[in-house]
Amino acid sequence: MTDPRRGLPSMDALLREPPVPGWIERFGRETVKASLARALAAARAERGMNGSGETSRLLASAEADLAARARSSLVTVLNGTGVVLHTNLGRAPLAEEAIRAQTRAAGYGNVELSLESGERGSRYDHCAALICELTGAEAAIVTNNNAAAVSLVVNELARDREVLVSRGELVEIGGSFRIPDVIARSGARLREVGTTNRTRATDYEAAIGGAVGLVLRVHPSNYRVEGFAARPTVADLATVAAGAGVPLAHDVGSGLLRPDLLPGFPEEPSVVGSLDAGADLVTWSGDKLLGGPQAGLIAGRAELVERLRRNPLLRAYRVDKTTLAALEATLMLYRDPDLAARRVPTLRMLRESADSVERRARAACPDVPPPFEIDVERTRSVVGGGSFPGFELESAAWVIRGGHAARLAHRARSAVRPLLGRIAEDAFAVDLRTIAPGDETATAEVLIASLADEEAAGG
Ligand SMILES: *Cc1c(COP(=O)(O)O)cnc(C)c1O
């Protein structure tokens with residue numbers, strides 16, 4: 001008996017095969033050798049292989065292995081959940097302008113250089129003027145995210161001192177951002193004011209004193225207290241804080257720049273509204289309602305921002321150059337509210353009428369193979385990202401019935417371009433609000449392929 005494994009080509013022979021130099025150029029020699037070695041090992045383990053066609057099989061197997069290993073673990077998905085700011089899907093999708101700016105900024109750039117003087121400049125100057133122009137603030141600074149912004153503000157203004165926060169605002173946001181913990185880790189002491197449902201300006205007045213370094217107002221973004229509930233206005237709070245000579249910082253979280261950007265939505269604190277009401281510093285996220293990259297923005301009084309700039313923690317909270325570029329490009333769109341509404345995907349999705357979403361859903365609604373059925377139905381979508389809790393937007397979706405909804409969802413999620421949808425009452429729903437105009441056909445194709453697979457598997 002001849003040993004079937006004898007027929008295997010050697011590594012050296014495989015490396016001389018025609019496609020291999022191209023692979024080496026692309027993936028690197030060590031990577032290619034490792035994939036060929038895995039292909040050889042698998043062939044050796046496989047019994048009864050005959051020698052013919054061996055090399056081409058080995059090469060095909062190595063090529064598939066190389067491709068699989070080169071695949072990014074970060075995959076672009078089609079968001080059919082209807083959740084506009086989906087934390088698990090990377091929150092805000094960037095505007096085209098921001099994506100282009102981010103790509104340009106990836107090379108060398110004047111991040112920390114003044115081209116005018118040729119001397120060292122500050123990365124914190126890049127978006128600052130634009131933020132001031134848009135908000136009317138005296139000064140601004142950008143950090144890596146809003147958690148860092150809040151932590152920096154607390155550390156600078158209340159280190160070893162007290163921070164006054166209403167008991168109704170001691171919130172947890174996104175699983176790991178808890179106001180009491182952030183204050184403690186930032187080196188300050190929390191002093192709770194009022195009660196969970198009602199806090200008055202006089203409660204702050206009674207608590208404010210020598211040990212208090214900061215009054216912190218936190219937007220309880222992701223929940224609502226209803227019924228017998230009250231809080232002082234930002235203006236009332238500003239009066240109390242100013243009277244005691246203590247700065248007032250307002251973490252508005254979701255970062256709606258101006259109140260008029262989302263007509264018809266419930267009231268949400270806006271950056272401009274808060275500054276106008278007298279907040280000394282306002283902090284917010286770049287990738288929530290602003291619709292930009294992950295970042296923390298701080299705007300307010302020049303003297304306080306100057307102190308933040310000198311705080312050593314800022315180095316640890318430093319914002320990346322590509323983020324700054326994307327943020328700047330996003331903010332520029334806000335110079336014209338109509339332009340922002342059209343070009344910032346988050347605003348566009350939130351502002352699209354249910355009729356318009358339904359028109360897009362109908363125009364691209366695919367035919368589905370039996371036993372599945374598809375209908376265009378009105379649904380409700382949410383803003384997400386801890387914004388507008390309890391508020392639902394009317395939307396439209398493809399609703400697929402007649403199969404096992406969870407299995408279908410799994411298939412759609414496993415596609416090369418994964419499609420995420422919603423499962424509702426044994427149906428799989430794809431909400432078109434969060435499918436970008438132009439992506440409807442690609443979405444329909446993924447859906448059809450998933451249904452066909454599910455059908456073939458006896459779904
Ligand atoms: C989202 C949020 C944060 C955290 O912001 P990140 O940008 O995710 O770090 C902090 N405060 C409030 C009120 C928020 O809504």
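Everything numeric here is computed off the predicted structure, so don't read it as measured data. One-based numbering, in listed order, for ligands and for the atoms of each.
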Worksheet entry | Nearest non-hydrogen protein atom, atom 9 (O) of ligand 1 | Ala147 N, 2.8 Å
Worksheet item: Considering only heavy atoms of Arg91, which atoms of ligand 1 have at least one such atom less than 4.0 Å away?
Response: 6 (P), 7 (O), 8 (O)
Worksheet entry | Protein contact to atom 15 (O) of ligand 1 [nearest heavy atom, distance to 0.1 Å] | Ser221 OG, 2.5 Å
Worksheet item: Salt bridge check: are Arg309 and Glu156 linked by an N-O gap of less than 4.0 Å?
Response: no
Discussion item. Is it the case that the side chains of Ser450 and Asp453 hold a donor-acceptor pair, with the cut-off being a distance below 3.5 Å and no angle test?
Written reply: no
Discussion item. Going by side chain to side chain contact (heavy atoms under 4.5 Å, CB included), Val163 matches just one of Leu157, Val246, Ile183. Which one?
Written reply: Ile183
Discussion item. Just to check, does Lys288 reach to within less than 4.0 Å of ligand 1 when the distance is taken from its heavy atoms?
Written reply: yes
Worksheet entry | Short N-O contact, Glu97 and Arg343, less than 4.0 angstrom | yes
Worksheet item: Are the charged groups of Lys321 and Glu112 less than 4.0 angstrom apart, N to O?
Response: no
Item to complete: For atom 7 (O) of ligand 1, find the nearest protein heavy atom and state the residue, atom name and distance (0.1 Å precision).
Response: Ser285 OG, 2.7 Å
Worksheet item: Are the side chains of Leu257 and Trp284 in touch, meaning some heavy atoms are under 4.5 Å apart?
Response: yes
Practice prompt. For Asp355 and Ser353, run side chain to side chain donor-acceptor pair (under 3.5 Å): C-alpha distance rounded to whole Å, both residues' side-chain angles, the deciding distance at 0.1 Å, then the answer.
Written response: CA-CA 5 Å; Asp355 285 346; Ser353 70; 5.3 Å; no
Fill in: Nearest-contact summary for atom 11 (N) of ligand 1 - protein heavy atom, Å
Asp251 OD2, 2.6 Å
Practice prompt. May I ask you to list the atoms of ligand 1 that are less than 4.0 angstrom from any heavy atom of Ile173?
Written response: 1 (C), 2 (C), 11 (N), 12 (C), 13 (C), 14 (C), 15 (O)
Worksheet item: Got the closest protein heavy atom to atom 3 (C) of ligand 1, with its distance?
Response: Asn146 ND2, 3.5 Å
Practice prompt. Using a strict 4.0 Å cut-off to heavy atoms of His219, name the atoms of ligand 1 that fall inside it.
Written response: 13 (C)
Response to the item:
Atoms of ligand 1 under 4.0 Å from any heavy atom of Phe177, numbered from 1 in the order shown, are 10 (C), 11 (N)
